[in-house]
Amino acid sequence: MQLYKTTAIDTAVAFAQRPDVITWQASQTDASKARTAAKADGRKAISQTVGVPTAKGPLLAWLNENVKA
C-alpha cells in the first residue's frame with residue numbers, strides 16, 4: 001500500500017528548536033493539500049511516498065520500526 005508522509009518545518013525557528021510536523025495521507029491529492037496548508041502556515045513542506053506492507057507479520061514489523069510515540 002502506498003501512503004504519503006508529509007513533513008512540514010518552520011524555517012523561522014532556530015534549527016535546534018524546530019519541531020517537525022509529520023502527517024500521513026492516503027492519496028497524492030491529500031498530500032498536495034497538506035503541503036498547501038503547511039505553506040499557508042509559513043512552513044516548508046515535502047512529501048515522500050512510503051510503501052507500507054499489508055500482510056499482518058510484515059505490517060507489525062514495519063509499525064514497530066517506523067512509528068514513534
Sequence neighbours left out, cut at 3.5 Å: what donor-acceptor pairs do the side chains of residues 23-36 make with other protein atoms?
from : atom 1 : to  : atom 2 : distance (Å)
T23  : OG1    : Q25 : NE2    : 2.7
Q25  : OE1    : T6  : OG1    : 2.7
S27  : OG     : D30 : N      : 3.1
S27  : OG     : D30 : OD2    : 3.4
R35  : NH1    : S47 : OG     : 2.9
T36  : OG1    : S32 : O      : 2.9

Could you tell me whether the side chain of V50 reaches within less than 4.5 Å of the side chain of Y4, counting heavy atoms only? no
Hey, quick one: are V52 and L63 part of the same hydrophobic cluster, counting side-chain heavy atoms closer than 4.5 Å, chains of contacts allowed? yes
Calculate, to the nearest 0.5 Å, the distance between atoms CG and CG belonging to D10 and D20 respectively. 10.0 Å
Nearest 0.5 angstrom please: L59 CG to M1 CE, how far? 7.0 Å
Look up atom CD1 in I46 and atom OG1 in T7, then write down how far apart they are to the nearest 0.5 Å. 5.5 Å
Could you list all the side chain to side chain donor-acceptor pair (under 3.5 Å) pairs where at least one residue sits in residues 53-64, not counting sequence neighbours? none
Under the side chain to side chain contact (heavy atoms under 4.5 Å, CB included) test, residues paired with A38 that sit two or more places apart: A8, R43, A45
